[in-house]
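Below: one structure, written as structure tokens.
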Amino acid sequence: MAADVGTDLPCDRLSDLPDAILVSILSLLRLDEAARCTVLAPRWRRLFSSTLLLNFNANMPDRLDTIGTVNSILAAHPTAPVRSFRASWRFIPPGKDLSSGGWLQELARRGVEELFLDFDFHGWHHRIPDSLFDCSSLKRLRASACTFPDVPKAGFGAAPAPPLARLTEIELDWVVISDAFVNFLLSQCTALERLSMYGTSNCGLVHVRSPSLKILKSEGDFDKLFIEYAPNLEWLLGEYMHLKGEWSKGVCLKIAHAPKLKFMGYLSMNLHKFEIGETMFTEHQIIVKTLMPSLKTLAIEVSYTYEGYIDWIIQLLNLFPCLEALYIRDPSCCIGVVGRVETQPLRP
């Protein structure tokens with residue numbers, strides 16, 4: 001027999017959840033919203049004051065002294081570890097900059113592993129403090145609308161480990177970063193596996209020499225991409241690489257050593273030069289000498305109105321003898337990918 005509706009007392013299911021889940025819920029809220037949850041019960045006040053810093057979400061409303069608030073919270077809980085720190089700030093009080101109070105240096109001391117920084121102050125990209133280099137435990141970095149510091153001048157040869165050596169993933173979005181700093185990251189981040197770069201400026205040459213890198217994604221906001229040594233690189237995506245570069249003639253692409261590369265795109269007839277080993281594609285000639293049998297998927301952009309586009313595609317197929325999937329995008333089509341051609345691996 002069904003129980004009568006309304007006879008049972010209301011049950012607080014939320015209070016039955018373990019502390020770890022409640023902390024995870026609080027970490028998804030903005031800092032001011034999480035603070036309001038402390039009125040619910042003494043247990044919530046304890047969670048906020050003692051363990052919330054494990055996942056520190058410092059996103060706050062405009063016109064609030066965010067830096068001062070973050071420094072105050074860290075000072076009030078001097079022993080609390082910080083695993084993840086998220087900051088989306090739109091205001092800095094007059095007389096302060098991003099290094100005020102030493103919050104980033106304090107995060108480094110507490111072993112921060114994930115750092116998400118978004119500093120879009122009405123188009124003004126503020127500079128990330130130099131204490132970023134002190135974050136030796138950092139594993140994941142995502143930066144948006146900010147300016148990276150200069151490359152450290154001091155050498156790291158005598159140090160037990162280079163700075164940022166544990167970083168495995170970097171995502172850059174609309175940042176100001178020099179090619180020297182990008183190359184510094186690629187050389188010093190010895191565990192780096194994923195690098196994403198979108199809307200970057202001040203970066204002319206990307207020189208990849210990384211034994212750990214597996215995925216490189218970008219819009220192609222640079223003039224030259226030289227992959228000198230990337231034995232584990234599997235994914236290379238420059239979505240608008242053929243439209244960027246010097247004078248918008250396309251990025252100059254050169255691949256010297258990437259034996260595990262499985263996916264590459266977008267290539268185009270607009271690329272004024274790209275080299276793979278001894279193979280060279282230019283505006284005036286195509287010389288196929290070195291093959292890349294590792295490549296399984298290729299994405300290209302080509303207009304069917306281009307003269308000689310069929311011969312160009314055939315030469316590409318010769319270059320990648322084990323190609324299994326070819327994605328073709330027409331620049332005049334607003335949809336994006338307009339075709340996918342499945343091919344059987346060619347036999348020698």
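All values below come from the heavy atoms of this structure, side chains included, with hydrogens, waters and symmetry mates left out.
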Taking the inter-plane angle between the rings of Phe181 and Phe148 on a 0 to 90° scale, is it parallel (under 30°), tilted (30 to 60°) or perpendicular (over 60°)? tilted
Going from CD on Glu234 to OG on Ser294, what distance comes out if it is rounded to the nearest 0.5 angstrom? 9.5 Å
Could you tell me whether the side chain of Val182 reaches within less than 4.5 Å of the side chain of Phe222, counting heavy atoms only? no
Flag this pair as yes if the NZ/CZ of Arg142 is under 6.0 angstrom from the six-membered ring centre of Phe116 and inside a 45 degree cone about the axis; otherwise no. yes
For the atom pair CD1 (Ile300) and OG (Ser268), what is the distance rounded to the nearest 0.5 Å? 8.5 Å
Modelled atom types, side-chain donor and acceptor of Glu228 and His207, under 3.5 Å: yes
With side chains defined as the heavy atoms from C-beta onward, is the minimum distance between Leu295 and Met292 less than 4.5 Å? yes
Spacing of CD1 belonging to Ile276 relative to NZ belonging to Lys254, to within rounding of 0.5 Å: 12.5 Å
Under 3.5 Å, is there a donor-acceptor pair between the Lys214 and Asn232 side chains? no
Would a hydrophobic clustering, with Ile, Leu, Val, Met, Phe, Trp and Tyr connected at side-chain separations under 4.5 Å, put Ile314 with Met280? no
Mind telling me whether Trp103 and Phe119 have parallel, tilted or perpendicular rings, with 30° and 60° as the class edges? perpendicular
Thr147 side chain to Arg127 backbone, donor-acceptor under 3.5 Å: no
Keeping the roles fixed (side chain from Ser210, backbone from Leu213), state whether a donor-acceptor pair exists under 3.5 Å. yes
Which atoms form the tightest heavy-atom contact between Met197 and Cys203, and what is the distance? CE-SG, 4.3 Å
Return yes if some donor-acceptor pair links the side-chain N/O of Thr168 with the main-chain N/O of Ala191 below 3.5 Å, else return no. no
Point-to-point distance, once rounded to the nearest 0.5 Å, from CD1 of Ile170 to CG of Leu192: 4.5 Å
Would you mind reporting whether Thr69 and Ser72 have side-chain heavy atoms less than 4.5 Å apart? no
Cut-off 3.5 Å, side chains only: do Ser84 and Arg86 have a donor facing an acceptor? yes
Rounded distance (nearest 0.5 Å) linking atom CG of Leu225 with atom CD1 of Ile255: 7.5 Å
Compare all side-chain heavy atoms of Val288 with those of Phe281 and state whether any distance is below 4.5 angstrom. yes
Rounded to the nearest 0.5 Å, how far does CD of Glu301 lie from CG of Asp330? 7.5 Å
